[in-house]
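Step one of this worksheet: look at the structure below.
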Amino acid sequence: MKEKELRRSLAVLPIGTVMCLTDLTARQIRYYEKHELLKPERNPSNRRMYSLNDIDKLLEIKDYLAEGMNIAGIKEVYLKKAAKKKKVREQAISDEKVRKMLRDEFVNASGLKSQHEFSFKNTRIF
DNA sequence: CTTCTCACA
DNA sequence: TGTGAGTA
């Protein structure tokens, strides 16, 4: 379930295709990029190349705009979303450290001199 | 022919 | 946001 996400992130669509898929003008698509709502890649010829995720994002932007939200407002939505994801990542790293500490403490408390003597070394207890 | 940047009788 | 100019 991760190869799929990788493909969705591949920038393979030229702006013309994106225009058809989103019903937005090239002017609008570039305008949103200028306001950092999007970050399409560039091919060797300086042409913008979009991914399927970019298409979804543009469609999302179009909906927000239709609901009366402005560019600045949409930008804040994405900034907060990114902040939340960052916290989730930090929490995951934190949990990993806690597990390592508990494991080390357990191995040490059991009086084992090395992990080779730890009969459950390959078992995910923590 | 498509896309890019820039500018506005 | 539209559109035309001049490129690449």
Side-chain angles (χ1 to χ4, degrees):
Chain A
M1 193 65 94
K2 200 165 187 179
E3 288 296 313
K4 189 176 181 181
E5 178 57 34
L6 198 159
R7 297 179 194 294
R8 290 186 63 76
S9 297
L10 288 180
V12 295
L13 311 171
I15 199 168
T17 302
V18 178
M19 289 171 67
C20 295
L21 267 36
T22 64
D23 194 41
L24 291 170
T25 65
R27 180 83 163 83
Q28 293 173 304
I29 297 171
R30 296 182 186 121
Y31 182 72
Y32 303 151
E33 175 188 349
K34 189 170 187 177
H35 286 267
E36 301 175 279
L37 267 51
L38 228 57
K39 31 75 182 171
E41 293 180 22
R42 296 286 184 127
N43 67 11
S45 301
N46 197 41
R47 265 75 211 282
R48 274 169 262 253
M49 297 302 279
Y50 302 83
S51 68
L52 294 178
N53 283 327
D54 290 328
I55 299 297
D56 290 334
K57 201 159 189 178
L58 284 169
L59 256 21
E60 198 174 292
I61 292 171
K62 197 172 71 168
D63 287 337
Y64 282 139
L65 251 29
E67 291 174 25
M69 204 176 293
N70 55 43
I71 302 295
I74 297 173
K75 189 173 179 179
E76 287 183 38
V77 170
Y78 288 144
L79 285 177
K80 288 188 177 182
K81 189 174 295 181
K84 279 191 176 182
K85 288 188 177 181
K86 182 179 181 182
K87 279 195 174 183
V88 171
R89 279 187 286 106
E90 295 178 333
Q91 182 62 54
I93 293 175
S94 179
D95 290 344
E96 187 181 332
K97 287 185 176 179
V98 171
R99 267 183 273 106
K100 175 178 172 50
M101 289 180 74
L102 285 174
R103 185 198 62 197
D104 291 344
E105 187 175 317
F106 179 72
V107 171
N108 180 58
S110 66
L112 298 175
K113 295 177 181 178
S114 70
Q115 290 202 336
H116 285 53
E117 298 176 47
F118 185 39
S119 58
F120 299 116
K121 62 184 177 183
N122 293 318
T123 302
R124 295 173 57 187
I125 298 175
F126 300 115

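Just so it is clear: chains get the letters A, B, ... in the order the sequence lines come, proteins before strands, and each one is counted from 1.
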Round to the nearest Å and state the distance from A/Met19 atom CE to B/dT2 atom P.
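In whole Å, B/dT2 P and A/Met19 CE are 11 Å from each other.
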How many Å lie between CZ on A/Arg48 and P on B/dT3, as a whole number?
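After rounding, the gap between these two atoms is 11 Å.
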Residues within residues 21-41 of chain A bordering DNA chain C, heavy-atom distance below 4.0 Å
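Only A/Thr25, A/Arg27, A/Gln28, A/Tyr31, A/Tyr32 qualify.
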If you draw a 6.0 Å radius around CD in A/Glu96, do more than 12 non-hydrogen atoms from other residues or ligands fall strictly inside?
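Atom CD in A/Glu96 is not packed in, count stays at 12 or less.
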Taking the side chain as every heavy atom from C-beta outward, state whether A/Leu10 and A/Ser51 have any atom pair closer than 4.5 Å.
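Contact flag for A/Leu10/A/Ser51 side chains = no.
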Does A/Tyr64 reach the side chain of A/Lys62, with side-chain heavy atoms less than 4.5 Å apart?
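SC-SC contact between A/Tyr64 and A/Lys62 ruled out.
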Give me the stems containing DNA chain C, sorted by first residue, counting only three or more consecutive Watson-Crick or G-U pairs with both distances under 3.5 Å; say none if there aren't any.
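Stems found: B:4-8 with C:2-6.
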What are the bounds, 5' to 3', of the part of DNA chain C that sits under 4.0 Å from heavy atoms of chain A?
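For DNA chain C, the relevant span reads C/dT1 to C/dA8.
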Relative to the 5' end of DNA chain C, which residue comes earlier, A/Leu65 or A/Arg47, by the nucleotide with the nearest heavy atom?
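Mapping each residue to its closest nucleotide by heavy atoms, the 5'-most match is A/Leu65.
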Pair A/Lys39 + A/Glu33, salt bridge at N-O below 4.0 Å
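No, no charged N to carboxylate O under 4.0 Å.
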Provide the closest heavy-atom pair for A/Ile71 versus A/His35 in the form atom of the first, atom of the second, distance.
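Here A/Ile71 and A/His35 meet closest at CG2-CB, 3.5 Å.
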Which pair of heavy atoms, one from A/Met49 and one from A/Ala11, lies closest together, and at what distance?
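In this case the closest contact between A/Met49 and A/Ala11 is O-CB, 3.3 Å.
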To the nearest 0.5 angstrom, please state how far the CG atom of A/Leu37 sits from the CD1 atom of A/Ile29.
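Those atoms lie 13.0 Å apart.
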Nearest 0.5 Å, please: how far is CD1 in A/Ile15 from CZ in A/Arg30?
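CD1 of A/Ile15 is found 4.5 Å from CZ of A/Arg30.
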Would you confirm whether A/Lys57, through its side chain, and A/Leu38, through its main-chain N or O, come within 3.5 Å as a donor-acceptor pair?
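It does not hold such a pair.
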Using only atom types and a distance under 3.5 Å, with no angle test, would you say the side chain of A/Thr22 pairs donor to acceptor with the backbone of A/Val18?
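Yes; at least one donor-acceptor contact below 3.5 Å.
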